[in-house]
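To keep things clear, I will list the structure first and then write my remarks on it.
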Amino acid sequence: MNIFNHFKDIVNVTIEELSQAGELPEGLDLGAVSVEPPRDPGHGDISTNAAMVLAKAAAMNPRDIAEKIAGALRDVADVASVDVAGPGFINLRLDDSFWQARVAEILLDGLGYGDSDLGGGEAVNVEYVSANPTGPMHVGHVRGAVFGDALASLLAKAGYDVAREYYINDAGAQIDVLARSVYLRYQQALGIDIGDIPEGFYPGDYLIPVGEALAKEQGDAWLDQPEEVWLKPVRLAATEAMMRMIREDLHMLGIDHEVFFSESDLVASGRIDQAIEMLRAKGLVYEGVLEPPKGQKPDDWEPRPQTLFRSTEFGDDVDRPLRKSDGSHTYFAADIAYHYDKAKRGFLRQIDVLGADHVGYVKRLEAAARAATDGKGQVDVRLCQLVRLYRNGKPVKMSKRAGTMVTLKELVEEVGKDVVRFIMLTRKNEAPLDFDFTKVVEQSRDNPVFYVQYAHARAHSALRKARESFPDMNFSSVGLAEADMSLLTDPAEVALIKAMAGWPRMVETAAEAHEPHRIAFYLYDLAAEFHTLWNKGNDDLSLRFIIESDAERTHARLAMVLALATVIRSGLEVLGVDAVEEMH
RNA sequence: CCGCCCGUAGCUCAGUUGGAUAGAGCAUCGGAUUUCUAAUCCGGAGGUCACAGGUUCAAAUCCUGUCGGGCGGACCA
């Protein structure tokens, strides 16, 4: 249960009742009323701005309105006290019993705690990674991959019907380059000395086995044959091999897309032409010549007649070419067809995760999505900034040309999937992120992955110890849910429960904002709350979770501890990080 | 020249879609260890939210402009 939504309903009903009773004007617009946690917990548990946003329409002093609403709220179940503060905030404090009841709720919901019906089962398509199938995944791809995957999980938890999709750019000129590079390796596999890999080819060793496989399969059939003979089949084989490799790489990170959508399929099936015709029918396509870009003019610029899409009608800066001067379609035309296809498959909500170097592409994508769906659909393009790698605080030098890129595989093998995933989500996506190989495996408070994992492990450590001390006690979630939670009265205990009870709201706000990093920060804060409580037991033995002389209290506290572990695990699950029960 | 993103404590960053006295971590200073629970915790100090206007009950948040940094800017993908 999102307790803030719950109390928002109560506040709204209260206001309507006051209207009916003539205490407030009728027909007030409650749209701007928010019910949220106050910034300062000292103000209470729940705060609403209702009086302030209604003051103008009601033609009343906000404090007067607040007093009326507050008076009515005092009679509501679970409300311990109501205060009016500042310019007209209404602050609610809830009974401890309300918070204590959350513990059982969490235990009975299990990992489903925090599930929301915010999305109402609406279909959302999240497209992410979509790296060109020309080589292994490297660090540059990882952030977007993790971000997209976590966002997809987050939206699923928030009640959307999520599809995870990968767009394979297998139709462009770079695939021809890939095929020729593989052909070299094919020749090499048949014993021909190819010398150094020439400029303009992909030099990576990862193509050697692809060439070898082709040699085994085809023998010398393609040797000394013109490109027309082998290019097409080699392209296909090479792309398939690259995609197998990429899927394996992604799998190491816990990422498994449901749909792999091929650009060349789009081309072959004529759907690009169909998409262009669709736009033409709406009067959004014309033949024309673009102005040169303002400011610095490219050296090779010349006026050219092109088939153009009126993306400026949808807020883009200039109209965009759909066909090159030779008549073939542009990458953008394929992308329109792709997003059109997604819409036809029922996805009016689409999310594209791209690298920050694609900023210039965002407006035209949004334009395309709206044009293709008559404004009903929307695409949210999320850009991920660079990741800067460090080791011992020193930058790791990488160069694509020199072949010194750190691959996804190396990254995961060195620090582990969980570390990579968590750290990638410790910054909002559009901010650059530093990733220090040394720091991220450190076992200290500076390292958020460890800090959160440790809280979870500590919780399980307490449970293990408790089982030894009380062998007859039922420590299952159902058994613990029956504990007498009214024994959880210490302020630090109640504070921890409040933090846990904030999880459902966190899911909803993070999902609405499309910002999975908020989950990582929430988990860090929640872990801190738990460590604080844990440590209080050092100073004050009566606050320890396990009290040998008091089975009832122990049972209740362990219920809280398991609830904490459950919320952390639930959060880590959204991030795709495993919760460990023991540190080593 | 144009577009987008960023600018918050010495450093790295949050900031609940416009709320109250702007928060963490690191670093620094001072404390807690006879460890069933210190890989942790408590406290102090640290701020012109880049700058200037505007919008309103209320602005780090929204609008305009300026400065600084990053990214991008036709038949590449």
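All chains are named by letter (A, B, ...) in the order of the sequence lines, taking the proteins before the strands, and each is independently numbered beginning at 1.
For A/R518, taking side-chain heavy atoms from C-beta onward, the closest of the listed nucleotides B/G15, B/A20, B/G19 is B/G15. Nearest to the side chain of A/E263, among B/G3, B/U17, B/A77, sits B/A77. The side chain of A/N169 lies closest to B/A77, out of B/C13, B/G3, B/A77.
Ring centers of A/F545 and A/F475: at least 6.0 Å apart, outside the cut-off.
At the phosphate of B/G15, OP1 or OP2 sits under 4.0 Å from a side-chain N or O atom of A/K428. At the phosphate of B/U17, OP1 or OP2 sits under 4.0 Å from a side-chain N or O atom of A/R505. OP1 and OP2 of B/U21 both lie 4.0 Å or more from every side-chain N or O belonging to A/R39. For A/Y451 and B/C26, the shortest distance from a side-chain N or O to OP1 or OP2 is not below 4.0 Å. For B/C57, one of the phosphate oxygens OP1 or OP2 lies less than 4.0 angstrom from a side-chain nitrogen or oxygen of A/K56. Put simply, A/N538 has a side-chain N or O that comes within less than 4.0 Å of OP1 or OP2 on B/A38.
Looking at A/D335 and A/Y167, their side chains never bring a donor and an acceptor atom within 3.5 Å of each other. Side chain to side chain, A/D352 and A/H358 fail the donor-acceptor criterion of an N or O pair below 3.5 Å.
For the ring pair (Phe, Tyr, Trp, His ring centres under 6.0 Å) with A/Y166, the lone residue among A/F260, A/Y338, A/F261 that qualifies is A/F260.
For RNA chain B, each stem of at least three Watson-Crick or G-U pairs (distances under 3.5 Å) is given as range with range: B:1-7 with B:67-73, B:10-13 with B:23-26, B:28-32 with B:40-44, B:50-54 with B:62-66.
Within the nucleic acid shown, A/H517 comes within 4.0 Å of sugar-phosphate atoms alone, with no base atom in reach, counting heavy atoms only. Within the nucleic acid shown, A/D525 has no heavy atom closer than 4.0 Å to any nucleic acid atom.
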